[in-house]
Amino acid sequence: MLKENGVGYITFNRPEKYNSFNREMAIALQEKLNDCGSDDTVRCIYITGSGKAFCAGQDLAEAIDPNGPGLEKIVGEHYNPIIVLLRQIEKPIIAAVNGVAAGAGANIALACDIVLACESASFIQAFSKIGLIPDSAGTFFLPRLVGMQRAAALMITGDKVSAKEAADMGMIYKCFPNETFEVESKKLAISLADMPTKGIGLTKRLLNHTYDHSLEEQLQMEKEIQVAASTTHDYEEGVNAFLEKRKPVFKGK
């Protein structure tokens, strides 16, 4: 893992297996996320894949191995903790989807705060092809992103969605040409690391509760967190920089 310019770069690195998950890779991702979450010098997390794929989901050879961890452990100890970390870490997390994102790989991407993809990337809810159900919070996030009808169709049919189609339907934030994708996606990560990332983290906390709060509850939480945000260094710096007509220097504190 590389840490540079306030960004923690995490790269799935099983290119010969299209970056499909085995236990070692899942545990390593949890460790790297925890590391980035606890490191104050990391103010944005950037996740991508090596080679041609972002992540093809679960390595099925491990899933059917009679001596392997089995699906209960794979879901409960591999994927569920990853999704919880992606949502609980109060820092912006970018999924830079550089190729196919299938199964758990697609849903891990969708659990991130901002999903960017190159134009040759694709997203596939591949579970129905082998008689399984979408895990890794796919049934939680996808309907909220694209609506119940479309989410149901994509999960039942297992149809491939191109990066452009994903952007057009609101599944992801943006799609870039292949030749500019790495530069543009990393530019956003560096930009986020320079922003008032404490406030961004508090925004993320609010977004995590918008699904289960009433309007009144959300308004109350906004009030409480706005007061907390107003006590940060970045708020003071942002206001002073505005009044002094200069560029602010945020510290994520």
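Residue numbers start at 1 and run along the sequence shown.
- Remark: E90 pairs with R205 by the salt bridge (Lys or Arg N to Asp or Glu O under 4.0 Å) rule, at least two apart or across chains.
- For the pair K251 (side chain) and H233 (backbone), a donor-acceptor distance under 3.5 Å is absent.
- The shortest distance between side-chain heavy atoms of I47 and I108 does not fall below 4.5 Å.
- Identified under the side-chain hydrogen bond (donor to acceptor under 3.5 Å, both in side chains) test for residues 124-144, with sequence neighbours left out: N107-Q125.
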Enumerate, atom names and distances included, each donor-acceptor pair closer than 3.5 Å involving a side-chain atom of residues 220-230, sequence neighbours excluded.
| unit_1 | atom_1 | unit_2 | atom_2 | d |
| --- | --- | --- | --- | --- |
| Q220 | NE2 | E224 | OE2 | 2.9 |
| S230 | OG | V227 | O | 2.6 |

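- The shortest side-chain heavy-atom distance between T11 and M1 does not fall under the 4.5 Å cut-off.
- For F242, the CZ atom sits in a loose shell: 12 or fewer heavy atoms of surrounding residues, nucleotides or ligands are nearer than 6.0 Å.
- Side chain of N34 to backbone of Q30: a donor-acceptor contact under 3.5 angstrom is found.
- The neighbour count for K174 NZ, taken as heavy atoms of other residues, nucleotides or ligands under 6.0 Å away, does not exceed 12.
- Cation-pi check for K198 over Y235 is not met; the charged atom does not lie both under 6.0 angstrom from the ring centroid and within 45 degrees of its normal.
- When the side chains of ILVMFWY residues are joined at heavy-atom separations under 4.5 Å, either directly or via intervening members, L85 and L192 end up in two distinct hydrophobic clusters.
- The backbone N or O of L154 lies less than 3.5 Å from no partner atom in the side chain of D159, so there is not a single donor-acceptor pair.
- Taking hydrophobic clusters as Ile, Leu, Val, Met, Phe, Trp and Tyr residues chained together by side-chain heavy-atom distances below 4.5 Å, F141 does not share a cluster with I94.
- Under the 4.5 Å side-chain contact rule for hydrophobic residues, I124 and M171 do not share a cluster.
- For R23 (side chain) and H78 (main-chain N/O), no donor-acceptor pair under 3.5 Å exists by modelled atom type.
- Using a distance-only test at 3.5 Å, with no hydrogens or angles considered, a donor-acceptor pair links the side chain of T203 to the main chain of G199.
- Among residues two or more places apart in sequence or in another chain, the salt bridge (Lys or Arg N to Asp or Glu O under 4.0 Å) test is passed with K3 by D35, D39.
- Residues that satisfy the ring-ring contact (aromatic ring centres under 6.0 Å, His included) test with F250, not counting sequence neighbours, are absent from this structure.
- Under a 3.5 Å cut-off, the side chain of N19 and the backbone N or O of A53 do form a donor-acceptor pair.
- Heavy-atom minimum distance, S50 versus P15: OG-CD, 3.4 Å.
- Using a 4.0 Å cut-off between charged nitrogen and carboxylate oxygen, E237 and R246 count as a salt-bridge pair.
- With hydrogens and angles disregarded, a donor-acceptor distance shorter than 3.5 Å links the side chain of Q218 to the backbone of L206.
- Salt bridge status for K17 with D59: absent, with no side-chain N to carboxylate O gap under 4.0 Å.
- Judged as a ring-ring contact (aromatic ring centres under 6.0 Å, His included), and not counting sequence neighbours, the contacts of F12 are F21, F54.
- Note: the hydrophobic cluster containing L29 does not contain Y18 (ILVMFWY, side chain heavy atoms under 4.5 Å, direct or indirect links).
- By the 4.5 Å heavy-atom criterion applied to side chains, T197 and K91 are not counted as neighbours.
- Side-chain N or O atoms of N22 include none that pairs as donor or acceptor with a backbone N or O of E62 at under 3.5 Å.
- Remark: side-chain polar atoms of K204 are not paired, donor with acceptor, to backbone N or O of P92 under 3.5 angstrom.
- Following chains of ILVMFWY side-chain contacts shorter than 4.5 Å, one can reach L142 starting from F140, so the two form part of one hydrophobic cluster.
- Of the inter-residue distances, the one linking I83 atom CD1 with L33 atom CG reads 10.0 Å to the nearest 0.5 angstrom.
- Going from atom CD of E184 over to atom CG of L116 covers 9.5 Å, rounded to the nearest 0.5 Å.
- Contact check for T232 versus P196: no side-chain heavy atoms found under the 4.5 Å cut-off.
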